[in-house]
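In what follows, a structure is listed as structure tokens, so that the remarks can point back to it.
Start at 1 and go down the list; that is how both ligands and their atoms are numbered. Residue numbers count from 1 along this sequence.
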Amino acid sequence: MTTAIAIKDLTKTYANGFEALKGISLEVEQGDFFALLGPNGAGKSTTIGVLSTLVKKSGGIVEIFGKNVDSHVYETKLDLGVVPQEINFSQFERVKDIVMTQAGYYGMPRSLAAERCEKYLRKLDLWDKRNDRSRTLSGGMKRRLMIARALVHEPKLLILDEPTAGVDIELRRSMWEFLTELNESGTTIILTTHYLEEAEQLCRNIAIIDHGRIVENTSMRALLKALDKQTYIVELATPIESLPNWGDAPVSATLIDAHSFEITVAATLTMSGLFKLFLDRSIQVSALRSKSNRLEQLFLSRLDNARGESADV
Ligand code: ADP
């Protein structure tokens with residue numbers, strides 16, 4: 001299998017002496033949909049900045065499709081499309097011109113550039129706006145324009161820094177669909193996100209970064225499997241005064257009010273097992289929902305563990 005990205009012992013110390021990356025090693029396979037997750041200030045944008053050569057690294061080796069970014073500057077740029085967090089096109093340029101200018105940077109013939117420009121503006125629902133000045137676009141449209149611009153040279157690898165930050169739910173979902181399709185058609189995608197649900201929905205593999213270090217690097221499936229408990233809020237069709245005895249079932253519950261309770265369930269108990277517990281105790285359930293996103297719980301617990309370990313050293 002081809003490796004899309006190989007990062008080895010990457011360090012970055014900013015001019016003020018701040019060590020933003022303390023030796024990151026990471027591999028992303030071609031065709032993957034990969035999430036780089038982490039709290040604010042973890043080093044995600046710095047990592048992406050180094051990959052796109054916007055940030056000069058202090059040490060380490062970065063390869064894109066087997067080519068070193070230092071010695072193969074042009075080739076690695078051709079393989080790569082980057083969507084940074086900040087909108088960075090001219091607010092006075094017209095939508096179509098922004099994409100066409102980008103195609104020009106890659107030396108594309110005008111006819112091919114025009115074809116690609118239409119293809120991606122249509123895909124991102126911006127074709128109707130092609131002659132508008134970019135400052136008149138909504139925030140969501142500006143983000144989509146950033147994506148269309150990054151794709152015009154059809155890179156093998158697309159990197160997005162918080163693509164849906166500040167984007168409303170509906171638009172976020174349509175962007176997810178677009179990115180999923182793009183990945184299915186063969187583009188390797190790496191994104192950073194604060195929306196943990198986003199990583200859960202989209203990504204096959206994940207790295208968690210905190211304080212400039214990778215604290216977890218695994219498949220999304222394995223990560224979710226590792227989560228051994230899940231908390232639900234149970235809404236009752238018939239009110240109860242107190243909670244029943246759960247026997248030796250692997251659950252613990254607290255009453256919220258007569259109409260609802262919270263129950264934490266071990267992963268070993270199936271949903272049907274849980275409902276049998278309720279049925280056997282004549283608990284009439286009208287609705288059941290997860291208390292919080294599973295990945296979010298896991299993410300927090302992993303970070304706590306990692307911080308605890310480094311504090312012990
Ligand atoms: P993230 O994308 O995970 O939020 P960043 O990579 O943007 O994190 O930042 C990592 C750390 O590096 C933060 O503490 C940030 O304040 C610091 N940092 C980022 N850019 C600079 C800079 N130009 N000079 C000094 N420190 C910086």
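Side-chain contact annotation: T264 with Q230, donor-acceptor N/O pair under 3.5 Å absent. E198 and T193 are linked by a side-chain donor-acceptor pair at a separation below 3.5 angstrom, with hydrogens and angles left out of the test.
Residues L112 and R116 form a side-chain contact, since some pair of their non-hydrogen atoms from C-beta on lies under 4.5 Å apart.
Within a 6.0 Å sphere centred on CG of N16, other residues, nucleotides and ligands contribute more than 12 heavy atoms. Counting heavy-atom neighbours within 6.0 Å of K129 NZ, excluding the residue itself, gives a total of 12 or less.
Protein heavy atoms are absent from the space less than 4.0 angstrom from atom 15 (C) of ligand 1. Using a 4.0 Å threshold on non-hydrogen atoms, atom 26 (N) of ligand 1 counts as touching the protein.
An N or O contact shorter than 3.5 Å links S45 to ligand 1 by distance. Below 3.5 Å of separation, one finds no N or O of A20 facing any N or O of ligand 1. In terms of polar-atom proximity, defined here as any N/O pair under 3.5 Å, G43 does make such a contact with ligand 1.
The option from G212, G41, G17 that lies nearest to atom 10 (C) of ligand 1, judged by heavy atoms, is G41.
Under 4.0 angstrom from ligand 1, there are no non-hydrogen atoms of A15. Looking at T46 against ligand 1, both its backbone and its side chain come within 4.0 Å, counting heavy atoms.
By the 4.0 Å heavy-atom criterion, G38 is excluded from the residues contacting ligand 1.
Relative to the six-membered ring of F278, K276 misses at least one condition, a distance below 6.0 Å or an angle of at most 45° to the axis. Geometric assessment of K156 against the ring of F65 yields a positive cation-pi assignment under the 6.0 Å and 45° thresholds.
The protein non-hydrogen atom at the shortest distance from atom 19 (C) of ligand 1 is Y14 CE1, 3.4 Å.
Listed by atom number, the atoms of ligand 1 under 4.0 Å from N40 heavy atoms are 4 (O). In the vicinity of P39, heavy-atom distances shorter than 4.0 Å reach the ligand 1 atoms 3 (O).
Cluster membership check: L26 does not share its hydrophobic cluster with L202, using side-chain heavy-atom separations under 4.5 Å among Ile, Leu, Val, Met, Phe, Trp and Tyr.
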